[in-house]
**Student:** 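Let me begin by handing over the structure; questions about it come next.
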2 protein chains.
Amino acid sequence: MSEAANPALVSGLLGEGADVGTVAKFFRALGDPSRLRLLAFLLDGEHSVSDCVAHIGLSQGRVSSHLACLADCGYVQARREGRWCYYRVADPRVVELVVLARALAADNRAALAACERIDGPEAAPRRT
Amino acid sequence: MSEAANPALVSGLLGEGADVGTVAKFFRALGDPSRLRLLAFLLDGEHSVSDCVAHIGLSQGRVSSHLACLADCGYVQARREGRWCYYRVADPRVVELVVLARALAADNRAALAACERIDGPEAAPRRT
DNA sequence: TGTACATATTCGCCAAGGCGGATACCATTA
DNA sequence: TAATGGTATCCGCCTTGGCGAATATGTACA
């Protein structure tokens, strides 16, 4: 019936406290260049939404939405102060995750760049 | 002109050897439940494509494509043996990455589940 | 060389989701 | 209370990419 050959192990790695769909959602949050740049910017220190807008150059609404997404996923934390909202990295393990992923990606950057199964050929620059 | 406020640090975390787009691509590979389940299955040990098909229940072509994607991104490694092709996890750091992500996701599973910015309300089960 | 079988690629379809622009929301200040 | 300004949400548009089905490719064996 096509279940796991070793359900216990698989469950131990992905199903315990956070199901596969949830973990996938978690990864997908960092699968967008804009959100990843925002996170990198916040790894540099706490910043307001307007700071982020100035930094990555997307519309204010989009940046706000991306930050909220990162917050929902537990990557960053929001702090209100009057009209301003400051975001900062919520957990030191986020740094570990990014550093680890960067190292792995760097070791495979040639194959990654050539991978046309994600982003297709010559990654269309998503209209200016 | 809206560049990094601290280019050196940001560069050190994301731009050194693997640019933001590449790392995003890397994360996006694990942002799909099917690929994540495949990876979990392979963390259990080496398996052929047909094994994987039987395990996750998607079409053979789709599974083959997902495995090739994981291989391109450096998560898994292929080994040909006659007509069969066996895939296995390529790097022990992949386990670290998954375990770390699972832990973080588990600590935020409530917020993650509630996050409608990814997958929208009641995550449509992508036709059975 | 023909057949069988495991894997890889191609195709059209359609949902997820990133985008800017408009606008709503809310705290500060006059 | 009205105006200002930072942030959040909503909207339609359009690309990315997951899906199965069909088909191509390649290997083993008769």
Side-chain angles (χ1 to χ4, degrees), chain A residues 20-21 24-25 27-38 46-73 76 78-87 115-128, chain B residues 2 20-21 24-38 46-73 76 78-87 115-128:
Chain A
V20 177
K25 214 172 179 178
F27 275 122
R28 195 145 68 257
L30 295 191
D32 175 69
S34 299
R35 280 194 295 265
L36 205 48
R37 285 201 297 153
L38 275 173
E46 192 179 65
H47 291 290
S48 70
V49 176
S50 349
D51 285 345
C52 293
V53 171
H55 176 64
I56 62 169
L58 294 180
S59 70
Q60 182 274 322
R62 193 101 310 271
V63 170
S64 174
S65 178
H66 278 321
L67 288 171
C69 178
L70 287 172
D72 280 349
C73 295
V76 302
R79 180 175 65 85
R80 272 240 166 245
E81 191 171 313
R83 284 179 295 204
W84 289 270
C85 193
Y86 295 97
Y87 285 87
C115 175
E116 296 188 350
R117 292 164 206 286
I118 292 184
D119 263 9
E122 66 193 282
R126 188 149 241 162
R127 82 179 148 127
T128 303
Chain B
S2 80
V20 176
K25 212 172 181 178
F26 184 75
F27 275 121
R28 195 145 69 258
L30 295 192
D32 174 69
S34 299
R35 279 193 295 266
L36 205 49
R37 285 201 298 153
L38 275 172
E46 192 180 64
H47 292 289
S48 70
V49 175
S50 349
D51 285 345
C52 293
V53 171
H55 176 64
I56 61 169
L58 293 180
S59 70
Q60 182 273 320
R62 192 102 313 271
V63 170
S64 174
S65 178
H66 278 321
L67 288 171
C69 178
L70 287 172
D72 280 349
C73 295
V76 302
R79 179 175 65 85
R80 271 239 167 247
E81 191 171 313
R83 284 179 295 201
W84 289 270
C85 193
Y86 295 97
Y87 285 87
C115 175
E116 296 188 349
R117 294 163 203 286
I118 291 183
D119 263 10
E122 65 191 288
R126 191 148 238 166
R127 78 182 149 129
T128 306

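The analysis underlying the following values was restricted to heavy atoms, covering all of them including side chains, and did not include hydrogens, waters or symmetry mates. Proteins get letters first, then strands, A, B, ... in listed order; numbering begins at 1 in each.
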**Student:** If you compare all heavy atoms of B:R35 against all heavy atoms of B:R28, which two are closest, and at what distance to 0.1 Å?
**Tutor:** NH2-O, 3.3 Å

**Student:** Heavy atoms from C-beta onward define the side chain here; which of D:dC19, D:dT7, C:dA8 lies closest to that of B:C85?
**Tutor:** C:dA8

**Student:** Would you state whether a donor and an acceptor, one from the side chain of B:Q60 and one from the base of C:dA8, lie under 3.5 Å apart?
**Tutor:**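 Present.
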
**Student:** Looking at every heavy atom in both A:C52 and A:L38, which two are closest together, and how far apart are they?
**Tutor:** CB-CD2, 3.5 Å

**Student:** Of the non-hydrogen atoms in B:A24 and A:P33, which two are nearest, and what is the gap between them?
**Tutor:**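 Nearest pair, atom of B:A24 first, then A:P33: CB-N, 3.8 Å.
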
**Student:** When the distance from NE2 of A:H47 to P of D:dG6 is rounded to whole Å, what number comes out?
**Tutor:**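 Checked: the NE2 to P distance equals 17 Å.
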
**Student:** Considering all heavy atoms of both residues, which atom of B:L36 and which atom of A:V20 are nearest to each other, and what is their separation?
**Tutor:**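 Of all heavy-atom pairs spanning B:L36 and A:V20, the closest is CD2-O, 3.7 Å.
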
**Student:** Would you tell me if any nitrogen or oxygen in the side chain of A:S34 comes within less than 4.0 Å of OP1 or OP2 on C:dC19?
**Tutor:** yes

**Student:** Write down the distance between OH (A:Y86) and C1' (D:dT7), rounded to a whole number of angstrom.
**Tutor:** 12 Å

**Student:** Phosphate oxygens OP1/OP2 of D:dG6: is one of them under 4.0 Å from a side-chain N or O of A:Y87?
**Tutor:** no

**Student:** Closest approach to the side chain of A:D119, judged atom by atom: which nucleotide of D:dG6, D:dT16, D:dG18 is it?
**Tutor:** D:dT16

**Student:** Distance check needed: C:dG18 P versus A:L67 CG, whole Å only.
**Tutor:** 13 Å

**Student:** Which of the following nucleotides, D:dG18, D:dG17, C:dT7, is nearest to the side chain of A:I118?
**Tutor:** D:dG17

**Student:** Can you tell me how far apart SG (B:C85) and CZ (B:R83) are? Round to the nearest 0.5 Å.
**Tutor:** 14.0 Å

**Student:** Could you work out which one of C:dT7, D:dG18, D:dT7 sits closest to the side chain of B:R35?
**Tutor:** D:dG18

**Student:** Indicate whether OP1 or OP2 belonging to C:dA16 is found under 4.0 Å from a side-chain N or O atom of B:R117.
**Tutor:** no

**Student:** Considering only D:dA28, D:dG6, D:dC19, which nucleotide approaches the side chain of B:R83 most closely?
**Tutor:** D:dA28

**Student:** Taking 4.0 Å as the cut-off, does a side-chain nitrogen or oxygen of A:R80 come that near to OP1 or OP2 on C:dA27?
**Tutor:**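 No, no such contact exists.
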
**Student:** Taking the nucleotide of DNA chain C with the nearest heavy atom to each, does B:R62 or A:G82 sit closer to the 5' end?
**Tutor:**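 Whichever sits nearer the 5' end wins; that is B:R62.
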
**Student:** Measure CG/B:L58 against P/D:dG20 and give the value in whole Å, please.
**Tutor:**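 Nearest whole value for this atom pair: 5 Å.
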
**Student:** Which nucleotide in the list C:dG20, D:dG6, D:dG20 gets nearest to the side chain of B:S59?
**Tutor:**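 Nearest listed nucleotide: D:dG20.
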
**Student:** Out of D:dT4, C:dT9, C:dG17, which nucleotide sits closest to the side chain of A:R28?
**Tutor:** C:dG17

**Student:** To the nearest Å, give me how far apart CG (A:D32) and P (D:dG17) are.
**Tutor:** 10 Å

**Student:** To the nearest 0.5 Å, what is the distance between CG on A:L30 and CZ on B:F26?
**Tutor:**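 Those atoms lie 11.5 Å apart.
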
**Student:** What is the distance from CD of A:E81 to P of C:dT28, rounded to the nearest Å?
**Tutor:**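 It is 10 Å, rounded to the nearest whole Å.
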
**Student:** Does a nitrogen or oxygen in the side chain of A:H66 sit under 4.0 Å from OP1 or OP2 of C:dC19?
**Tutor:**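 Yes, within the criterion.
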
**Student:** What's the CD-C1' distance between A:E116 and C:dC11, to the nearest Å?
**Tutor:**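 Going from A:E116 (CD) to C:dC11 (C1'), I get 16 Å.
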
**Student:** Given D:dT7, is OP1 or OP2 found less than 4.0 Å from the side-chain N or O atoms of A:S64?
**Tutor:**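 No, because none of the side-chain N or O atoms of A:S64 sits under 4.0 Å from OP1 or OP2 of D:dT7.
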
